[in-house]
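Quick notes on the structure that follows.
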Amino acid sequence: MAARCRHTWAAALLLLLLVQLGGNLSILLSYPPTQPPPSIIWRRNLTALATGHLGPSSSVDVAQAYEGRLRVDPQRGTLTIAPATLQDAGTYTVEIFPLGGQVWQGNVQVEVYELVGNVSVTPPSLEVTEGAESAVLTCAPVRGAVTWTKDGQSLEQNPRYRISDGILRISQPNRTDTGTYNCTVSNPFGSGTGSAQIRVYFGPEPPTIKLSSDRDLEPQRYVQVNSTVTLTCWAPSDPPAQIYWSLADASDPLVPTQPNLTLTRVQLSQAGLYACLASNPQTQRRLRTTLTLTVVQIPPGLPVCSLESVANGSALRFLCSWPGGSPAPSLSLQGLPGGSVQGVGPGLERTLNSPPPSLSGTQVSCLGRHLAAEGNCSVTPEAPSGVSLSFQASLDPNGTVLVDLQCQGNYQPVEIGWARDGAPLGPGGRYQVSADGSRLTISNFTDPQDLGNYSVWCQNPLGSQERNLTLTGPSISSWTLERGSEPGLARLSWAVPNGSVVTGVWIQVREAGDWQTAQTLGGASRSGTVSGLQAHSTYSFRLLPLLGARAGEPSHMQTLPPASTLSPGAIAGIVLGSILGMILLLALFVLLICFLRARWGKREKMPPPPPGTRPHYLPRQFLNGRESHPVEPPASPPQGSSRCSWADGDVFSISYEEHLRVHGPPDSWPGYPGDAAQPGPRTVRSATRV
């Protein structure tokens, strides 16, 4: 490249020449010719390189250090250096001195570059421990500008990073300095990149233990028996820390060297302290942490409350039990006089001496709290009330009679005693009492040895009640007999007196003067059906109660008459016809009432009789509804009478005198109030004949 000098000394020409190492460095000079030829001086960094005169026959002398590589053209003043070296870089100055004129001067900056070549970083892999003094990377060859990156990103401004002449120095390296570092060298003639790895060892950090279970929602607090438990130890470290476990169960010879410790079907014996040791052989650091494993066994079910009478029936003992848990649950009895009672363990009790009667009907609760569960129960003490006594008789497989007397009622707790005819009955022999005392079983019950008055009494510290039941022999108190749904069936129903011991019932039919058993039923039966009867025959029935193999008094006899000969269709027709007939009669009765009301209304609306006459309406049925004196119309109407026809019959009018002749004076009429006789003829109308 050439630099042109200007004939203006005040504004020197500044040029930049880029020259490749080993190439030719030529600085071309252009100036106007002068006579005589001027003298010239070339300098580099103020050091004279060549001096002389310019012209066809002139010569320029080269400094001894540059002989053989530097020459100056005496015709044009051009400076050439071949081959160029790195030391040839610098500022070149040319000065031309024309004779008698001003000095001409020009400057040019020359940069000589080598080819970048293969760039590398040493060491290519660097391992240091966190907290070391420094980590150093060197980039070479440096044949241009140098830039550093980490993991593809430019190095951030950090006082710990120092870069000088291709050297990267990291002070106090830490784990964040781990990564890939690239060094890039570039100049106008090319670029190259080298890389290296830095690994900063650290740790382990203080380890932590995480607890997990396949069954528990809060494994950090506890795990259940037989669950699968995993302990995970985590300690940040590079290289990864070696993990060692110390187990709670010292009998287990296996000590795993991995982060996870799995306990399959963990047992109570495996509870305790577990330690995790994290070790980093690179940093020679070891740290330990511990965890207490709590293994629980939830008590089965829920707490159970109970109440019993103690101290010969003078005290009540309340008990709450919830066994089988580990650790033991805490229990609390609440609702007792004097406040609640608390304790830790599988059971809790409280005894009340001479409890007040007001405690009857008061609920007492027990609240149980376990590490993994909660539960409660309650009990209500009650003075005996509503006590009743019943029995049931049956036959065992051998045919002997068993009688069970059952006591029922409201009581909590209760002591039950049994007696017969006032004599206490204890368990043993033919008498067996259930565990709770509410049932008395008499085996091989016989009549009359075991009949009699049985009593039971129930008592506790809050009160007592007694009930009696008299057992009598087998009998039937009442019974009914009727035809079944079909003519060939007979339906029997009966009742047994209270206290009568019956184990079976025979339904007997009388045939040819003898009683035959038609059906055998159990003692609990209260009805039966006999089939195969003739519809048109008469049958006699009776019932025979049994106590084991002994028969009681037979019932009275009842007779079943022949079945009706009417078919069901005929019976249904009669019933339907009767219903329709009643409806028709009711309708006629309603019409008659309406008719009579209409006639009565017409009579009330008739005009008053003319003066001198007094009308009398004489129905045929009178007086008082009796047809005592019928009035028959004469063959020919009497003189002075008239006949007319109404819609409901013929009406004849006769004189008042004629009426007196036939019926007598009004005073003789029954129920007539009596009027004073009025002289003169009167017209009398007769009522319609019905």
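- A 6.0 Å sphere centred on CZ of R369 holds no more than 12 heavy atoms belonging to other residues, nucleotides or ligands.
- Side-chain contact of S438 with D436: a donor-acceptor pair under 3.5 Å is present, judged by distance alone.
- To the nearest 0.5 Å, atoms CG (L319) and CD (E308) are separated by 5.0 Å.
- In Q534, the CD atom is not crowded: 12 or fewer heavy atoms of neighbouring residues, nucleotides or ligands sit closer than 6.0 Å.
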Inset, instruction - For disulfide bond (SG atoms under 2.5 Å apart), just list the numbers for C377 and C305, CA-CA rounded to whole Å, side-chain angles, deciding distance to a tenth of an Å, and then say yes or no. - result: CA-CA 6 Å; C377 62; C305 293; 2.0 Å; yes
Inset, instruction - Would you check, one step at a time, whether the test side chain to side chain donor-acceptor pair (under 3.5 Å) holds for T529 with R491? - result: CA-CA 5 Å; T529 300; R491 177 73 176 176; 3.1 Å; yes
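- In this structure, H370 and W322 have perpendicular ring planes: the angle between them is above 60°, well past the 30° mark.
- Around atom CD of E466, more than 12 heavy atoms belonging to other residues, nucleotides or ligands sit under 6.0 Å away.
- A donor and an acceptor atom, one from each side chain of Q449 and T446, are located under 3.5 Å apart.
- Taking OG from S390 and CZ from R467, the interatomic distance works out to 13.0 Å, rounded to the nearest 0.5 Å.
- Annotation: Q392, atom CD; neighbour count of heavy atoms from other residues, nucleotides and ligands within 6.0 Å does not exceed 12.
- Counted within 6.0 Å of CH2 on W479, heavy atoms from surrounding residues, nucleotides or ligands total more than 12; the atom is thus considered enclosed.
- Under 3.5 Å, the side chains of S227 and D214 contain no donor-acceptor pair of N or O atoms.
- Heavy atoms from other residues, nucleotides or ligands lying under 6.0 Å from CG of N498 number 12 at most.
- Residues S360 and E382 have side chains that never bring a donor and an acceptor to within less than 3.5 angstrom of each other.
- Note: Q408 CD to C458 SG = 10.5 Å, rounded to the nearest 0.5 Å.
- Taking OG from S443 and CG from D404, the interatomic distance works out to 10.0 Å, rounded to the nearest 0.5 Å.
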